[in-house]
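Here's the structure, in structure tokens; my notes come after.
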Amino acid sequence: MRIFKRKGIWYIDFSVEAKGERRRIRKAVGPSKREAEEALAVERGKILSGTFDINRFVESITFNELSSEYIEYIELHKKSFKRDMTSLRKLRAEFGDIRLNKITPFDVEKYKMKRRKEVSPASVNRELACIKYMFNLAIKWGKTTKNPVKDVKLFKEKNRRLRFLNEDEIIRLIDSCSDQLRPVVITAIYTGMRRGEILNLKWDDIDFNRNLIQIDETKSGSPRDVPMNDFLRQTMLELKSRSSQEYVFVNRLGKPYRDVREAFERALKKAEISDCTFHTLRHSAASLLIMSNVDLVTVKEILGHKTIQMTMRYSHLTGKHKQQAMNILQRRIEGWHKSGTEGKKAIDKIAEKPYKY
């Protein structure tokens, strides 16, 4: 073990047994000989105590190199890979050629504050979630040892109200759709399916005998069946009579739609509907089911929510219907009372013994 000086900078130089092989370590300390001697003494102590970490001296891959491996991984394993690709464009511009072990929590914090001036807190949080997941995978793959995002706090996000279309807006929207878009929108409104689930539908997924749409690839990872009502079934039959393609929804070239955003925005403009995205149609389906007195568990199964808590977001819509339910209960008991049944006897008995406080 030794120290040496080169071009005014002192270095430590030593060898250590690590991972079954002898590794030579050279590291610049600074212009002070004393600090170099102290640094060498520290490393000697770690070696003797068995706490020496070779990974501190191993050059890790760059963020760009990790990104390339990450893209290959998420294309096969992550359903939200398109959103991650959007995040990666910004992340690579910031951290591209920096080695993973050189990226610090402060670097990520600076990126976070910089991006907040450009986009919403929610968008920044999605980007931070992406890079955090990347570092977790890098650790798992042995590319680095620490995740600098772990100590970075996310922004608080305001929970927006759940926007859903009323009956008039739904009719106007359907009437304003192009012939190609209309069955896509009808499917979304009448099933609550996600856009990706709809655009990936194949005719083999539709069981006309049982009036079911079978969804194998879902966000939650669990396949589910979605019932078709008569109107949707008829829409699908008419569409099938004109189709010879594998996919249900195809463009003029017979290829499955990758996106319908532009056509959907044109329909919204024509229908004079604002504050609406395609995902609003899913909220609309859920809201209409709830307001039609369909129980939360059934709505959860139809929408394919992973937990009942996700469905509970719509529970505030049941307030009016809870009152109606209590009115039904009142009328039922009053009916018992008037008919002189056992219910009347029970009520009379309770009346004879008032509560004691």
Side-chain angles (χ1 to χ4, degrees), residues 79 157-171 173-174 183-201 205-236 248 273 275-337 339 341-343 346-347:
K79 296 184 182 300
E157 298 180 30
K158 294 181 180 179
N159 293 323
R160 295 183 60 192
R161 66 183 179 86
L162 287 175
R163 164 78 161 110
F164 60 91
L165 304 182
N166 58 38
E167 294 178 12
D168 178 63
E169 288 176 317
I170 289 174
I171 293 172
L173 176 60
I174 292 176
V184 176
V185 169
I186 288 173
T187 303
I189 292 174
Y190 279 86
T191 65
M193 290 169 60
R194 299 177 179 90
R195 178 178 54 188
E197 294 172 344
I198 294 172
L199 299 186
N200 288 324
L201 270 182
D205 299 325
I206 299 180
D207 187 337
F208 287 103
N209 293 324
R210 295 190 299 155
N211 287 337
L212 290 176
I213 297 176
Q214 301 164 316
I215 310 174
D216 294 326
E217 296 289 332
T218 67
K219 185 177 180 181
S220 67
S222 301
R224 75 180 191 277
D225 291 340
V226 180
M228 289 190 295
N229 56 33
D230 292 341
F231 181 67
L232 179 58
R233 184 178 190 275
Q234 186 60 37
T235 299
M236 288 295 186
V248 175
I273 296 173
D275 187 24
C276 177
T277 66
F278 194 90
H279 199 71
T280 303
L281 305 184
R282 178 170 165 84
H283 291 319
S284 301
S287 301
L288 291 171
L289 286 170
I290 293 294
M291 290 189 291
S292 299
N293 293 324
V294 178
D295 63 274
L296 289 171
V297 173
T298 300
V299 175
K300 170 184 176 294
E301 292 175 355
I302 290 174
L303 295 182
H305 285 158
K306 199 168 186 178
T307 65
I308 192 66
Q309 283 73 25
M310 298 177 71
T311 318
M312 288 294 291
R313 292 179 298 170
Y314 304 96
S315 61
H316 68 283
L317 298 171
T318 64
K320 176 182 177 182
H321 304 287
K322 286 178 181 176
Q323 183 61 54
Q324 293 175 351
M326 296 308 292
N327 291 338
I328 292 173
L329 176 61
Q330 176 184 331
R331 290 195 296 272
R332 186 71 176 270
I333 293 176
E334 288 175 347
W336 288 346
H337 193 278
S339 63
T341 61
E342 293 300 318
I347 293 171

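Remember, predicted model here, so these are calculated numbers, not experimental data. These values consider heavy atoms only, across backbone and side chains, with no hydrogens, waters or symmetry-generated copies.
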Rounded distance [0.5 Å steps], [atom1] in [X] versus [atom2] in [Y]:
X: Thr280; Y: Asp275; atom1: OG1; atom2: CG; value: 7.0 Å
X: Ile206; Y: Thr187; atom1: CD1; atom2: OG1; value: 7.5 Å
X: Met291; Y: Phe164; atom1: CE; atom2: CZ; value: 4.0 Å
X: Arg163; Y: Leu281; atom1: CZ; atom2: CG; value: 10.0 Å
X: Asp205; Y: Leu212; atom1: CG; atom2: CG; value: 12.0 Å
X: Asp168; Y: Leu173; atom1: CG; atom2: CG; value: 11.0 Å

Specify the closest pair of heavy atoms between [X] and [Y], including all atoms of both residues, with the distance to one decimal.
X: Gly196; Y: Asn200; result: O-ND2, 2.9 Å
X: Arg194; Y: Leu303; result: NH1-O, 4.0 Å
X: Ala285; Y: Ile189; result: CB-O, 3.3 Å
X: Arg224; Y: Val226; result: NE-CG2, 3.8 Å
X: Gln214; Y: Asp225; result: CG-OD1, 3.4 Å
X: His283; Y: Tyr314; result: ND1-OH, 2.7 Å

Problem - Verdict with reasoning, Phe231 to Ile186, per side-chain contact (heavy atoms from CB on, under 4.5 Å) - result: CA-CA 9 Å; Phe231 181 67; Ile186 288 173; 3.8 Å; yes
Taking [X] for the side chain and [Y] for the main chain, is one N or O donor matched with an acceptor at less than 3.5 Å?
X: Arg282; Y: His279; result: no
X: Arg233; Y: Phe208; result: yes
X: Thr235; Y: Pro183; result: no

Practice task
Take Val184 and Arg195 through the test side-chain contact (heavy atoms from CB on, under 4.5 Å) and record every step on the way to the result.
Solution key: CA-CA 9 Å; Val184 176; Arg195 178 178 54 188; over 6 Å; no
State which residues pass side chain to side chain donor-acceptor pair (under 3.5 Å) with [X]; sequence neighbours excluded, sorted by chain then number.
X: Ser287; answer: none
X: Asn209; answer: none
X: Asp207; answer: Arg210

Problem - Worked check of side-chain contact (heavy atoms from CB on, under 4.5 Å) between Leu296 and Ile290 - result: CA-CA 7 Å; Leu296 289 171; Ile290 293 294; 3.3 Å; yes
Practice task
Given side-chain contact (heavy atoms from CB on, under 4.5 Å), test Leu232 with Asn229 step by step and report yes or no.
Solution key: CA-CA 5 Å; Leu232 179 58; Asn229 56 33; 3.3 Å; yes
Handout entry: Residues, nucleotides or ligands: over 12 heavy atoms within 6.0 Å of Asp230 CG
Key = no
Between [X] and [Y], is any pair of side-chain heavy atoms under 4.5 Å apart?
X: Met312; Y: Thr307; answer: no
X: Leu201; Y: Met193; answer: yes
X: Pro223; Y: Ile215; answer: no

